[in-house]
Amino acid sequence: MTYKPGDEQQEIIDADDAVLLVCGGAGTGKTTTAAAAVRAHLERVDQQRVAELHGRERRPAARALFLSFSRSSVAQILDRTAEVLGPYQSRVEITTFHAFAWRLLTRWGAVIGLTDPQMRTETEAKLFRADDAVRYQDMLPRALELCAVPAVREHLQARWSIIVSDEFQDTDDRQFELLTTIRGEARLLLLGDPNQCIYSTLPGVVGVGPERLDAAMALGARRLDLPDVSHRDPSNILPAAAAAIRRREFTHDAVTAALDSGRLQVRAGLPLNQEADVVAETVQRLREEGHTVGVFSHHIDATTGLSDQLTQRGINHEIIGLPECLTAALEAQHTMVRFAAGVDDWDLVRQQLAVFVTSSVRGRQAPDLAWMLLGRPGMPATLDRRLTELREALLADGTADAAEHAAGAHATLGLTRGQSHWHSAARLLQPLVARHLRRHPDPADALEHLAAAIDTHRTGLLTHTVGEPATPVQLMGLYQTKGREADATIVVLRSNDFYGSEKKEPFDTGSKLLYVVLSRARHKTVVLLFGDDPQPLVAPLVKLAS
Ligand SMILES: Nc1ncnc2c1ncn2[C@@H]1O[C@H](COP(=O)(O)OP(=O)(O)OP(=O)(O)O)[C@@H](O)[C@H]1O
């Protein structure tokens, strides 16, 4: 779609306020307009510099930083509107807060004693200790520590001419501190929607809440509000219905209109044990209508079960945002390839399998099987035998066939969880191995380059900057839907879902989550309620069922 800014969007593009807070509902064009504003800003700075230059020394061109919750969701929007940034694309860095923090730590970590920082997943932290390990939740505090060093801070403060923060309403205390610390003289463009503030009640989150917008005003921001018109669904039927549902007005005309038009469909009382079937059938129907499809659900087990169903039906799809399990599977298979090549030893393979097994279950403790893989006695005889068989097969067939053995290892070993992640990792690894073996005649060289490629993937997955190939069907958790869009969406709600501690109307935070989830579709949203006893947050939707 060609982006043609409306009057209010144009005002944002033309503004040159030091701090501009842009508020607007779902689909009103905040992200796209910010991209246009960034381009306009860079153009203005370029013109100014040309005017000032007159034979004096050239300074480096001005740059922009776009900080978002997930790089992929922003990149998805900017890809579709590539002309918005045009030739300025290369001067805009799009990243997530965590990827940004990690980059600082790998570049300058030595200054605060991190000479060789290793990114530790939560799973690895359950199993191993390491001195230079940085866990996900430590990345921002450590990056802030680094920013307290004057030379680092000054370098950063001179780097960008404009910084955009997307989904600003969900920025936590540390992200906000980082933003204001690295800013220097840069303009700030803050994009937010108070009605999409959905992370405030998540565990481990500090400082997310409506006060964030006040903090922007305290920086001297001017606030501009975009009109309540969605460009995602220009008929405004779905956005209006989503907004009414957020207000808990289930009998509002907007909801009735959405149901009557067929853009909103609700089915209730569906049998819990047929979930994967029903959802896969709905995906298939929507694909036959020519739609890209987003499937949103609260449960990993539902997502993986559905993934298997879709595979059986030959529907190309991808699971979004379960990075730890996927990276663990990738590392385990990669280590198997290295073992087959004689580079890594078998203990390391068992160690990586322990990480995978731990990442595929939830909970504070690593499962017994993980400890057995790490050497604790009690390994079941069948698994012990299967491990030996896998080891022998890898040794016998060598590097060329190792990736295939590794791909099949989940089944060979009879593991029960994380199957779809194992398969996704295999789909990533196999072509990488083949490519590196082809490109580098010396196997040692090939393995070294492969390790570097895997490391890039791992970092990207863990900091939400890669891992989301553009498949026509994407499966994701309800909290991962922010900033995304698809032609059609399927919202899977189960009787046994848990939506936090809110137990009574008006479900302030839960309703915002529903709003985000229900405002992602360009054409159609199908809500599927499984089980006979829906949670109070979503129970009124049952009455809307056809
Ligand atoms: N003026 C416009 N003309 C055409 N398309 C537009 C315009 N403004 C936005 N869009 C399109 O509308 C869709 C939603 O825009 P965008 O994602 O920027 O909105 P948003 O406010 O950031 O949404 P959300 O808060 O839901 O993430 C995108 O596909 C975008 O390209």
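Bear in mind the structure is a predicted one, so any value in this text is a computation, not a measurement. Atoms within a ligand are numbered from 1 in the order they appear, just like the ligands themselves.
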Please could you name the atoms of ligand 1 that [X] approaches to less than 4.0 Å, counting only its heavy atoms?
X	result
G25	21 (O)
E485	13 (C), 14 (C), 28 (C), 29 (O)
R232	12 (O), 14 (C), 17 (O), 23 (O), 24 (P), 26 (O), 27 (O)

Is any side-chain heavy atom of [X] closer than 4.5 Å to a side-chain heavy atom of [Y]?
X	Y	result
L528	V526	yes
L514	K512	no
L541	P534	no
L188	L20	no

Any nitrogen or oxygen of [X] lying under 3.5 Å from a nitrogen or oxygen in ligand 1? Just yes or no.
X	result
T32	yes
G29	yes
G27	yes
E167	no
K4	yes

Mind telling me whether F100 and W160 have parallel, tilted or perpendicular rings, with 30° and 60° as the class edges?
tilted
Taking the non-hydrogen atoms of [X], is any one of them nearer than 4.0 angstrom to ligand 1?
X	result
Q196	yes
R522	no
R520	yes
D193	no
G483	yes

Checking heavy-atom distances from atom 22 (O) of ligand 1 to each of T31, T2, V22, the winner is T31
Under-4.0 Å salt bridge between R222 and E11: yes
Kindly indicate whether a cation-pi arrangement holds for R520 with F296, taking the cut-offs as under 6.0 Å to the six-membered ring centre and within 45° of the axis. no
Q.
The test is side chain to side chain donor-acceptor pair (under 3.5 Å); show your working for H41 and S161 and say whether it passes.
A. CA-CA 9 Å; H41 171 87; S161 174; 2.7 Å; yes
Could you check whether H298 and F498 have their ring centres less than 6.0 Å apart? no
